[in-house]
Each structure stands twice: as structure tokens, then as C-alpha cells.
Amino acid sequence: MNESTCIDADAHVTPPRITAQAQDANWGGIASLALGVFGLVTAEFLPASLLTAMAADLGVSDGAAGQAVTATAAVGAAAALTIPVLTRNLDRKRVILALTSLLVLSNVLAATAHSLPVLIAARALLGIGLGGFWSMAAALAMRLVPEHLFARAMSLILTGVSVATVCAAPIGAYMGDLWGWRSAFVAAGVVSVVTLGAQCLTVPALPPKDNPNVKVLFELLGRTNVRVALLAVLLVISGHFAGFTYIRPFMEQVTHLSVSTISAALLAYGIAGFFGNIAGGFLAERSERLAIVAGAALIALLAATLWVAGTSVPVTIAAIAAWGFAFGAFPIGFQTWIVRAAPDQAEGAGGLLVAAFQIAIASGAVGGGILVDRIGAPGGPIFATVALTLGALLVVRYGPRPASR
């Protein structure tokens, strides 16, 4: 698909007309962004369900293969902070199409990778697309719908996360068992191509509007409540991903589940996560502190349960499903916290939040991988138990309270 053709078709649109279009909700554009989120999150989550197969095929350890997650997260953190700044003079449609094109290329490289370095490079490209997209998603939604419909538009975009959470891990495990792990990345590549076409057709030309810069980010880091929120993200999310990234080796080596049972357990995780997103939003509307603490404490308890009683099939499946439900409280909880901590610089604070999430994912994958390689599959749940407990205690002590809003 020719990106320049897509852009040139809208080149005659002037800024005043774009403003008028934004007043008429562009739900097609919002839907294409939701599809983009689905494609990005699906690609991001695939290694968790394919890790052992990828490691065996590439001739590396499970911990080494897990660094495919680290690469995505580390590059994503840098991209979340730099892409808005580096592209501030470019039409936002061009930027989004370029980021989605990186998603396509990443899936192609991953599906054809025959060595760990090539796979890591593919996942690094995904990190650029992921970090850049998330850093601009809210700002783009604000320009595609009137202000009073913004919350509804963001809810639709985040639906892509919920659907990917339900589909990515179980379908990836199922396809990997039938046709090999590469087939899952081929399917993700098809989704990314469809996404690129949809965005080309539905997103209008959007000349640069904001002027993000590094000074704003440093100013935000000087605020105590912002720093506490970011530290909480690092602890809680690193703990979650240390456990989730290496959950398949745990189910195979400790619980001794078959691939079909693993797929069913991951499907239960995804479905529970869908409802957890709803419950998390309900809690966060009343108290983002409560949503985060409840989710972190529950996952810490579940990780400890796997550590102690993970040989039991019913216990493991129930714990994994409940884990998915608990994780649903985090995205809306942390987003609400960071926006309320910096209402005057919501976009910059959002970029910092995305970067913190990606750094946490990378540190969780690294820390969990080290423990898994040294002490075995229980290393993931052990890391998760410690990090999530510390994160829950931090939020209990220093988290936002209603009186501070």
C-alpha cells in the first residue's frame, strides 16, 4: 500500500476544515486506532504463549528467549519519550502509518527469524511502533472526536487491549501447537496489514498541533506525586510481567500441563482479564489507589500460591484465571493516577507513564529470566511475589487519596 497516496488524497484539507471534521466524530478513525492497539498488543503478548517453542527452535534457553520481551519493552520506553519530540513537525497521519508499517515489518521478521539476534531486532522494531503509538493515542483521539466524546473514544480504543488480552496468548499457543510458533506471527502480520489499510482510509490528514519537548518531561519528574506513580508502575508491572512472561515454562515444567490445557488456561486468563478491565474501571472511578492496591495484592497472593502449590492442576488454572482478572485493574488505575497528578501536562505525563510501563516490562523479563535460568520455572512467581508486594505497600502508603484531587 502506498502511504504517500493516502496522504496526498487529504493534502488539500486545510487546518480550519480539520477542526470542523473533528467536531463530527470520526468513529472510523477511532476504530482503526483500536485495531492498531489490538495488533500491537497481540504481537507484544505472543512470546508468553510461544516461549518454549521459540527457545527450542532457536537453540537458546527459555530465559534468553524471554529477552524478546525485554527488547520490545526497552525500545518502547525510549520511543514513548522520543517519537513525539522527533516527529513534532510531521503530519500525525504520516507518523501513525509509519508506526503501523514498523508493526508489519516486525511480524515479517519474527516469522522468518532463524536466530535470536534477528528475533530481537524484530521485537525492537515492534517496540518503536508500540511506544510511539501509545504516546500519541490519546492526543489523536482528542482530534478525531468532540471533547465530550473523548472518554467514549478512548474506551473504544482500549477495547483493543481487552480483545488482544483474550485472544493473543491462547490463540498463539494453539496455532503454535498446530503449525509451529512462526504461524502465530504470520497471523499477526495479516492483522497489521489490514490495520495499515484501515488507518490509511479513515484517519484524516492531521498537521502537527502540539510542540512536545524534553523540558516538560524533566519538569514533571520534579513533582513528587508523579515520581511516586512511576515508581509504583516499575514495581507492580515488573512483578506482573516477570510472572506472566514465563508462565508457559511454569505450566509445562511444574504443573506438567499439555499444550491444549495450557491454551485453555491462557484463554481463561484472557477472558478473566476482559472482565477485570471492567471491574478495574469501576474501582478506579471511585479510587485509583484502591484499584491498584487490590490488583497488586491479589496477584502477589496468586504468585505465592503458584510458588507453593503450582504442582496442582486445578490450583494453577484457577490462579492464572484470577491473575488475568486482577491485572485488569492496573491500566485504568495508573492512567487515572498520572492524569490527576499532572492535569496541566497530561500528554507529557502520559508519555512518562508509557515509558515506565515499558521499562517495568523489560526489568520484569530480565529479572524473571535470570531467576528462571538459575533456579527453574518457579523463579517467575518468586520475582512477582516480591515486586508486587513492595508495590502494593508503596501505593498503600503514598498513593493518591480522594482529598488530594
Side-chain angles (χ1 to χ4, degrees), residues 35-69 71-72 100-127 129-130 160-198 244-253 255-271 273-274 317 320 324 365 377:
L35 188 58
V37 168
F38 171 76
L40 287 164
V41 175
T42 295
E44 183 181 20
F45 282 1
L46 279 180
S49 61
L50 302 167
L51 194 64
T52 52
M54 290 166 57
D57 187 37
L58 298 176
V60 298
S61 68
D62 290 342
Q67 301 321 302
V69 176
T72 301
T100 304
S101 297
L102 288 179
L103 171 61
V104 175
L105 180 58
S106 170
N107 285 320
V108 171
L109 283 178
T112 58
H114 289 281
S115 67
L116 184 60
V118 174
L119 179 63
I120 295 296
R123 303 296 292 177
L125 291 177
L126 173 63
L130 188 74
V161 177
S162 300
V163 177
T165 301
V166 172
C167 297
I171 293 179
Y174 180 75
M175 292 184 66
D177 185 43
L178 285 181
W179 303 300
W181 65 270
R182 300 176 191 278
S183 66
F185 286 99
V186 171
V190 172
V191 172
S192 61
V193 171
V194 172
T195 299
L196 184 62
F244 181 71
T245 299
Y246 302 100
I247 198 63
R248 176 162 178 169
F250 183 91
M251 288 190 285
E252 288 180 337
Q253 299 169 22
T255 318
H256 302 295
L257 299 180
S258 65
V259 173
S260 59
T261 306
I262 290 172
S263 298
L266 292 174
L267 178 61
Y269 172 95
I271 293 173
F274 180 83
I317 293 178
I320 290 172

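In terms of heavy atoms, Val118 sits closest to Ala113 at CG1-CB, 3.7 Å. Contact between Ala68 and Arg123 at its shortest, heavy atoms only, is O-CB, 3.4 Å. Minimum interatomic distance between Ala188 and Leu46 (heavy atoms only, all atoms of both residues): CB-CD1, 4.1 Å. The heavy-atom pair separating Tyr246 from Gly66 by the smallest distance is OH-CA, 3.7 Å. Gly176 and Ser183 make their closest contact through N-OG, 4.3 Å (heavy atoms, listed as atom of the first residue, atom of the second, distance). Nearest heavy atom pair, residue Leu196 against residue Ser101, reads CD1-OG, 3.8 Å.
Within the 4.5 Å cutoff, no side-chain heavy atoms of Leu102 are placed close to those of Leu126. Thr245 is not listed as a side-chain neighbour of Pro47, based on a closest heavy-atom distance of 4.5 Å or more. Ile317 places a side-chain heavy atom less than 4.5 Å from the side chain of Thr261. The side-chain heavy atoms of Leu109 and Leu125, taken from C-beta on, include a pair separated by under 4.5 Å. At least one side-chain heavy atom of Leu58 sits under 4.5 Å from a side-chain heavy atom of Leu119. Here the side chains of Pro249 and Leu51 are in contact, with some heavy-atom distance below 4.5 Å.
Within the structure, the side chain to side chain donor-acceptor pair (under 3.5 Å) test picks out the following pairs touching residues 108-120 (sequence neighbours left out): His114-Arg182.
His256 contributes atom NE2, which lies 10.0 Å from atom CZ of Phe250 (distance to the nearest 0.5 angstrom). Between Leu103 atom CG and Glu44 atom CD the span is 11.0 Å, to the nearest 0.5 Å. Atom CD of Gln67 sits about 7.0 Å away from atom CD1 of Ile120, to the nearest 0.5 Å. Between Leu50 atom CG and Phe185 atom CZ the span is 6.0 Å, to the nearest 0.5 Å. For the atom pair OG1 (Thr195) and CG (Leu35), the distance works out to 3.0 Å, reported to the nearest 0.5 Å.
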*Kindly determine whether Asp62 and Gln253 satisfy side-chain contact (heavy atoms from CB on, under 4.5 Å), including the steps that lead there.*
CA-CA 12 Å; Asp62 290 342; Gln253 299 169 22; 3.2 Å; yes
*List the steps and the verdict of side-chain contact (heavy atoms from CB on, under 4.5 Å) for Leu130 and Thr72.*
CA-CA 8 Å; Leu130 188 74; Thr72 301; 4.1 Å; yes
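Here the side chain of Ser192 pairs a donor or acceptor atom with the backbone of Gly189 at under 3.5 angstrom. The closest donor-acceptor contact from the side chain of Ser106 to the backbone of Ala122 lies under 3.5 Å.
Aromatic ring pairs are classed by plane angle as parallel below 30°, tilted from 30° to 60° and perpendicular above 60°; the pair Tyr174 and Trp179 is perpendicular.
Listed by chain and number, the residues in a side-chain contact (heavy atoms from CB on, under 4.5 Å) with Ala173 are Ser49, Arg248, Ser263, Leu266 (sequence neighbours excluded).
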